J.: 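My structure is below; once you've seen it, I'll send some questions.
For clarity, every value in this text was computed on a predicted model and none was experimentally measured. All residue numbers refer to positions in the sequence shown, counting from 1. Just follow the structure's listing: the first ligand is 1, and inside any ligand the first atom is 1.
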Amino acid sequence: MNTRRDFFRAAGIAVLAAQGAPAKPRRFTDYDTPARQLLSSLSLDEKIGQMTQPDQQYLKSLDDIETYHLGSLLSGGNSDPKSGNDPDSWTAMCDGFQKRALAARPRIPLLYGIDSVHGNSNVIGAVMFPHNIGLGCTRNAKLVEEIGRLTASETRAIGANWAFSPCVTVPQDIRWGRTYEGFSEDPSVVAPLGAAATRGLQWDDLVSPHSVLACVKHFAGDGGTTFNTGMPRGRNSTARYPLDRGDTRGNEETLFQLHIAGYIPSIAAGAGSIMPSYSSWNGEKCSGSKRLLTGILKERLGFQGFLISDYNALGELPGSYQEQIAQSINAGMDMVMVPDRYQEFIRLLKANVAAGKVPQSRIDDAVLRILRVKFAMGMMAPNANLLAVAEARREFGSAAHRAVARQAARESIVVLKNERKTLPLPRGRGRIHVAGKSMDDIGNQCGGWTITWQGKSGATTKGTTILAALRTVAGRVTTSTDGSGAEGADVGVAVIGEKPYAEFEGDRTDLKLAPEDVAAVKNLKRAGIPVVAVIVSGRPLVVDEILADADAIVAAWWPGSEGDGVADVLFGSHPPKGMLSFTWPAGGSTTFLRGAAGYKTLYAFGHGLGY
Ligand code: BGC
């Protein structure tokens with residue numbers, strides 16, 4: 001392959017071939033006529049309102065939806081309804097906003113966005129699927145598509161209609177706190193799974209009552225940032241979160257081969273929105289880059305949907321807020337996640353237009369793109385159901401959805417090491433001693449972006465912990481968090497790894513196991529029994545400290561709410577199928593950047609044992 005164009009073509013063809021018949025690509029331009037007609041009836045204020053997306057928690061009054069002609073609202077990671085985080089409160093909140101928009105003039109329904117990144121993952125009781133890193137190990141595009149469908153349905157169940165997902169990042173340095181949001185370090189895995197997730201979320205038909213608008217993110221190169229260029233830890237601090245929101249360096253060919261590969265099939269699958277990245281490419285912030293947003297994405301890749309900025313990403317551009325707004329909108333941003341300063345944003349964007357700093361034609365293009373998507377979603381039809389979907393609500397958190405999450409957990413698990421046939425565990429007989437901080441912790445096994453932005457340890461939502469799942473299959477089970485008291489058991493199982501985190505809070509400089517995790521394994525081994533280490537984490541970790549003591553090691557990633565999927569593999573009711581979607585590092589590595597000198601491999605990309 002010589003040129004970027006060859007790569008583009010090959011990637012597209014390979015993905016289509018892998019997926020069978022291509023999904024009907026939605027042509028948003030098919031809705032040009034009605035969208036233009038509506039556009040021509042709108043005032044500048046009404047147009048700018050369509051481009052503005054406040055976080056609902058900052059909305060000063062319900063009437064501001066009409067006063068400012070808002071076209072969209074979101075719930076960021078910690079933005080729950082005031083009355084509580086339960087499906088009824090969410091439904092009342094989202095429906096309340098939508099009803100207000102429908103009573104306004106002009107009557108243009110709201111897009112309500114939420115981070116449904118592994119299920120409708122903000123909401124208590126929703127089914128939590130494994131994070132993308134685990135799904136990457138399944139290599140199962142059909143399953144990922146099905147998860148997209150169920151996620152969409154559980155999102156429509158509460159009245160939201162837009163998921164900020166899928167993340168098609170291709171993380172190159174696993175110290176990055178968003179590694180788990182990526183399906184793989186390799187674009188050949190990311191591209192088909194990203195397209196599958198897009199098709200699933202949008203149900204192949206945006207007018208389906210169960211579908212949501214997908215948002216492919218974060219464009220472009222979010223996973224390629226250079227260590228130490230990440231975001232500052234505070235206004236006056238020279239210390240940095242080393243990778244998040246940093247700078248991705250390299251020429252256009254590298255950008256296309258690694259980081260843009262996931263966008264091409266997702267656009268072909270009809271993705272209606274894309275989120276530009278906080279990060280930079282060769283020193284230029286993506287959110288203000290005309291070359292990336294207009295030149296590459298809209299012109300070269302032919303993207304016909306619209307661009308939504310990341311959460312206050314404009315605030316990271318140089319200059320005053322007014323200048324930041326002008327730069328980003330002129331670069332090609334169509335809608336802005338403000339998220340709090342909506343009145344100021346509207347005033348300053350208007351001032352930019354009046355001063356000729358943002359051309360009217362750019363405003364018209366942005367709003368045309370947004371309206372086309374609203375038409376394509378069927379939202380403008382007089383009989384459209386724009387409120388929470390009752391049928392979807394009946395299935396919210398259902399056993400049928402949980403069964404798919406269990407399958408996904410099971411297929412994502414990778415058996416890294418299995419000496420002396422330690423696995424599978426004996427079913428229904430003998431004694432198993434279970435240990436480790438994550439053995440009985442639904443919050444730990446769901447990871448970040450669960451109920452709250454960062455996620456949290458503890459009984460945060462419904463589901464089956466790994467311990468509860470093991471108990472249903474094992475003979476006798478004894479437990480101790482630190483692994484003590486295992487004497488006389490037939491086998492010890494330590495469920496260890498990382499506690500939840502998200503974004504920059506998850507940037508790490510080393511990837512060692514926590515001392516209490518190493519101790520749990522060692523204590524089990526001291527009892528003279530075979531030991532299985534189950535690693536529950538958002539990325540590969542350095543396991544050298546337990547290598548001598550763990551007879552079997554299993555990567556379970558952050559498997560989600562259905563711990564039964566982990567038990568299925570440990571007991572061998574289903575043989576392990578997972579294959580590493582990331583290289584697994586060995587101790588003594590001086591870097592964790594894929595392919596760099598100083599990165600020592602313990603288990604190669606694609607590794608995964610069977611029984
Ligand atoms: C993240 C996005 C997310 C957005 C809205 C940002 O901080 O980077 O991935 O979609 O917040 O919650």
J.: Starting from atom 7 (O) of ligand 1, locate the nearest protein heavy atom and write down its residue, its atom name and how far away it is, to 0.1 Å.
T.: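 Answer, as residue, atom name and distance: E503 OE2, 2.7 Å.
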J.: Nearest protein heavy atom to atom 11 (O) of ligand 1, by residue and atom, and its distance?
T.: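 Sorting protein heavy atoms by distance from atom 11 (O) of ligand 1 puts D310 OD1, 3.4 Å first.
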J.: Under a 4.0 angstrom heavy-atom cut-off, which atoms of ligand 1 come close to R178?
T.: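 Under 4.0 Å from R178, ligand 1 has these atoms: 1 (C), 2 (C), 8 (O), 9 (O).
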J.: Show which atoms of ligand 1 fall inside a sub-4.0 Å distance from at least one heavy-atom site of G76.
T.: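 Going through ligand 1 atom by atom, the ones under 4.0 Å from G76 are 12 (O).
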J.: Starting from atom 5 (C) of ligand 1, locate the nearest protein heavy atom and write down its residue, its atom name and how far away it is, to 0.1 Å.
T.: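 Of every protein heavy atom, D115 OD2, 3.2 Å lies nearest to atom 5 (C) of ligand 1.
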J.: Take the angle between the ring planes of F504 and Y241 and call it parallel below 30°, perpendicular above 60°, tilted in between.
T.: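 Judged by the thresholds at 30° and 60°, the geometry between F504 and Y241 is tilted.
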J.: Below 3.5 Å, N or O to N or O, backbone or side chain included: is there any such pair between H218 and ligand 1?
T.: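 N/O-N/O distance below 3.5 Å exists for this pair.
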J.: Is the centre of the F164 ring less than 6.0 Å from the centre of the W449 ring?
T.: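 F164 vs W449: aromatic centres not under 6.0 Å.
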J.: Taking only heavy atoms of K217, which atoms of ligand 1 are found under 4.0 Å from at least one of them?
T.: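 Near K217, meaning under 4.0 Å from one of its heavy atoms, ligand 1 has 2 (C), 3 (C), 9 (O), 10 (O).
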J.: Does the T450 side chain pair with the main chain of G448, one donor and one acceptor, at a distance under 3.5 Å?
T.: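 The answer is yes, because a donor-acceptor pair under 3.5 Å joins these two groups.
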J.: When you compare the side chain of P540 with that of W557, does any pair of heavy atoms fall below 4.5 Å?
T.: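 Result yes, sub-4.5 Å side-chain heavy-atom pair found.
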J.: Does a donor on one side chain and an acceptor on the other come within less than 3.5 Å for E154 and H401?
T.: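 Note: E154 and H401 side chains meet the donor-acceptor criterion.
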J.: Are any of the side-chain nitrogens in R594 or D186 under 4.0 Å away from the carboxylate oxygens of its partner?
T.: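 Yes.
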J.: Out of curiosity, is W453 lining ligand 1, as in a heavy atom under 4.0 Å away?
T.: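 The answer is no, since W453 has no heavy atom less than 4.0 Å from ligand 1.
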J.: What atoms in ligand 1 come closer than 4.0 Å to a heavy atom of F164?
T.: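 Those qualifying, in numeric order: 10 (O).
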J.: Heavy-atom contact check, 4.0 Å cutoff: does E181 meet ligand 1?
T.: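 For ligand 1, residue contact (heavy atoms, under 4.0 Å) with E181 is absent.
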J.: Does D334 come within less than 4.0 Å of K298, counting only side-chain N to carboxylate O?
T.: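 Between K298 and D334 there is a salt bridge, with a charged N closer than 4.0 Å to a carboxylate O.
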